[in-house]
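Just so you know, these numbers come straight off a predicted model, no measurement behind them.
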Amino acid sequence: MSSPAQHLAQPLAASLVQSVDWLAIAPPLLAAVVALVVLVADLFLADARKPLLGWLSVAGLAASTALLLPLLDGDRSTFCLTGDARACSYTADRFTLVIQFLVLGGALLAALLSVTALKDARGRLPEGEFWFLLLSSAAGAALLPASRDLATLVVALEVASLPAFALVGIRHGDRRSAEAALKFFLSSVTATAVSLMGISFLYATTGTLYLTRIADRIQHVDGQFHTLAQTGVVLTLVGFAFKTAAVPFHFWVPDTYIGAPLPIAAYLSVVGKAVGFSGLILVTVVGLPSYADVWGPALAALAALTMTVGNVGALRQQATRAYSAVRLLAWSSVGQAGYLLVPIAAAAYTDDAEHAVGSTVAYALMYAAVNLGAFAVAALVGRTSPRNRLTDYRGLHARHPLSALLLAFFLLCLAGLPPGVIGLFAKVTVFSAAVDAGLGWLAVVMAVNVVIALYYYLRWTALLFRAPAGETEAGTAGGTGTGTEGAPVRHRVPAPLTVAITLTAAVGLVLSGAPQLILRFTDTALF
């Protein structure tokens, strides 16, 4: 005979059982499974066959990206509370799918760049560990935009971040790499600790971690806990602001990009930002819309500071300094983060927050394609000029005409100039979001920064088409790929690098021809 306690325990246990929608979680899950397969396979493969791990990783990321297609037919949620269908830990809506496409597509392109980088390293980089870490980070990054509770958000953020620390410092014996990884790690851990304190404040005031429930309950917080809730809102945003490289949480970016393998710098510039911005959007627009008067002004100020500091930092780069090309891309990425913050801040001042957020997503898609393309060409130049100075790009048109033209196109897209129409279109949507929200002063700050950015983007573009340096100048500059009689030497471009450059160029050209495709895709209901 069963006791009354057993009868009470059975319904309670049943209420805790959650169904799993395997198709909804398939994209990040497949990336994680492939990471484990690569880690185990590395134990049994001979060194000569280790390159197979790279192609397995590329195939896994391509398959994970393809698994987004069956999810386009409608929103899907899983890991939901049985008594409240709105309280779910994982939701695959349009916002999730767009960011997952950006993350997995960016990781796929970074993987293609890595195949060539690992081959050129000639065994100096541990291949099995490299691919395991990259896939693990991509899985965490793909999980984050689908997270709808603060616990899952933090777990996804750390799963995306922890492997990235190791990837930055994976070059054994490289002091610069180790220093970059340590700086990246310490600053990230500090930001995460602050965010966790903010999350604990929000949990203390609302009694829940689900974003939809927080949005409902935080409006009715007792007056004595109002200050605690406001503090929790601000502190929670710190960790995600760090990931976006927003000022003053940006100081790790230049050294990290230089110390990391170039494909990892490209990965962090795109996927790392996608993680930070998707987290910011979820916490602010979905979880804390009633506290827009707190996070709106804070993000607007961060946007103005970030774009200004980033563009001024890029403007100060000396063309002859070692790694000046990578440094410029690093500071440029900080400036671009400022533009990306503008529509999120604007969402606090408008009744159509989804439209404002759509501008950020549209800009992020444009930025991801052209910035990865710029890094791909930088990786090509870095094969013959390891110090990757801006002066190493002088006369690139004579050595690699198509690569020079494409790099010029990518830089013009980032600057927002024709024929990079998609860059101009994306900046106009961000301007529009700021003006429509009544943030005229922020639009003026952005306009000034766009003018500043024009100078350093055009200066780099002009170098590509200048006459190649002579034999003596080339030797002094560390070798730019000229022959013994001053004639340019053309090196064969590896197939993975060719594919990466071609894919990014194709996306940029298609969107420049039909820029409305992005806005039409992101302007629908995101949540």
Side-chain angles (χ1 to χ4, degrees), residues 24-32 61 64-72 74-78 88-110 137-149 152-157 159-161 164 211 239-241 243-245 267-287 336-337 339-341 343-344 347 353-369 371-372 426 429 507 511 517-527:
I25 66 173
L29 180 62
L30 180 60
L61 288 169
S64 296
T65 307
L67 284 174
L68 296 174
L69 296 176
L71 301 175
L72 294 175
D75 296 351
R76 307 171 75 104
S77 297
T78 187
C88 300
S89 295
Y90 189 104
T91 297
D93 53 17
R94 183 171 290 274
F95 171 79
T96 297
L97 298 182
V98 172
I99 301 299
Q100 285 184 337
F101 173 76
L102 192 160
V103 165
L104 294 172
L108 175 60
L109 289 169
S137 179
L143 171 63
L144 192 139
S147 305
R148 293 298 185 273
D149 70 71
T152 308
L153 270 174
V154 171
V155 170
L157 183 66
V159 171
S161 301
L211 294 177
F240 300 106
K243 290 300 174 187
T244 62
Y267 174 83
L268 291 174
S269 73
V270 171
V271 177
K273 277 188 173 49
V275 166
F277 282 106
S278 57
L280 273 178
I281 290 170
L282 289 173
V283 170
T284 55
V285 177
V286 178
Q336 298 287 345
Y339 305 149
L340 285 161
L341 281 169
I344 306 177
E354 291 185 10
H355 178 75
V357 167
S359 299
T360 287
V361 175
Y363 197 100
L365 289 171
M366 179 283 300
Y367 169 78
N371 201 61
L372 283 170
T429 61
V507 173
L511 294 179
L517 292 177
I518 278 187
L519 197 60
R520 185 182 303 165
F521 188 66
T522 58
D523 199 28
T524 55
L526 288 176
F527 302 109

Exercise for the section: Quick one: pull up CG in Leu97 and CG in Leu68 and give me the separation to the nearest 0.5 Å. Expected result: 6.0 Å
Problem - Test item: Gln336 and Ser269 side chains (from C-beta on) under 4.5 Å apart, heavy atoms - result: no
Practice task
Decide yes or no on side-chain hydrogen bond (donor to acceptor under 3.5 Å, both in side chains) for Thr96 and Arg76, but give the supporting numbers first.
Solution key: CA-CA 10 Å; Thr96 297; Arg76 307 171 75 104; over 6 Å; no
Practice task
Can you see which heavy atom on Cys88 is nearest to which on Thr78, and at what distance?
Solution key: CB-O, 3.8 Å
Practice task
Could you tell me the separation between the CD atom of Gln100 and the OG atom of Ser278, rounded to the nearest 0.5 Å?
Solution key: 9.5 Å
Exercise for the section: Would you check if the side chain of Tyr267 reaches a backbone N or O of Ala138 as a donor-acceptor pair within less than 3.5 Å? Expected result: yes
Practice task
Say whether, by atom type as modelled, one donor and one acceptor occur between the side chain of Ser147 and the main chain of Leu143 under 3.5 angstrom.
Solution key: yes
Problem - Where Leu144 and Gly279 come nearest, the two heavy atoms and their spacing - result: CD2-N, 3.6 Å
Handout entry: Exceeds 12 heavy-atom contacts within 6.0 angstrom, atom CZ of Phe101
Key = no
Handout entry: pair Pro27-Leu71: side-chain heavy atoms closer than 4.5 Å
Key = yes
Handout entry: Closest contact, heavy atoms only, Asp149 versus Ser89
Key = OD2-OG, 2.7 Å
Problem - Value rounded to 0.5 Å, distance of CG in Leu108 from CG in Leu372 - result: 10.0 Å
Handout entry: Check: Ala24 main-chain N/O paired with Tyr90 side-chain donor or acceptor under 3.5 Å
Key = yes
Exercise for the section: Mind checking the CD1-CZ spacing from Ile344 to Phe277? Nearest 0.5 Å is all I need. Expected result: 5.5 Å
Fill in the blank from the handout: Rounding to 0.5 Å, atoms CG (Leu153) and CG (Leu211) come to a distance of 6.0 Å
Handout entry: Student check: side-chain heavy atoms of Thr244 and Leu340 closer than 4.5 Å
Key = no
Completion exercise
Rounding to 0.5 Å, atoms CG (Leu341) and NZ (Lys273) come to a distance of 10.0 Å
Problem - Expected output: side-chain Thr91 to main-chain Ser77 donor-acceptor under 3.5 Å - result: no
Fill in the blank from the handout: Closest heavy-atom pair, Ala369 versus Val507, reported as atoms and distance to 0.1 Å, is CB-CG1, 3.7 Å
Completion exercise
Looking only at heavy atoms, the pair that brings Ala32 and Ala139 closest together is N-CB, 3.9 Å
Problem - Shortest non-hydrogen separation from Val103 to Ala142 and the atoms involved - result: CG1-N, 3.8 Å
Exercise for the section: Test Thr429 against Met366 for side-chain contact (heavy atoms from CB on, under 4.5 Å), laying out the working first. Expected result: CA-CA 12 Å; Thr429 61; Met366 179 283 300; over 6 Å; no
Practice task
Evaluate the side-chain proximity of Val361 to Arg94: yes if any heavy-atom separation is below 4.5 Å, no if none is.
Solution key: no
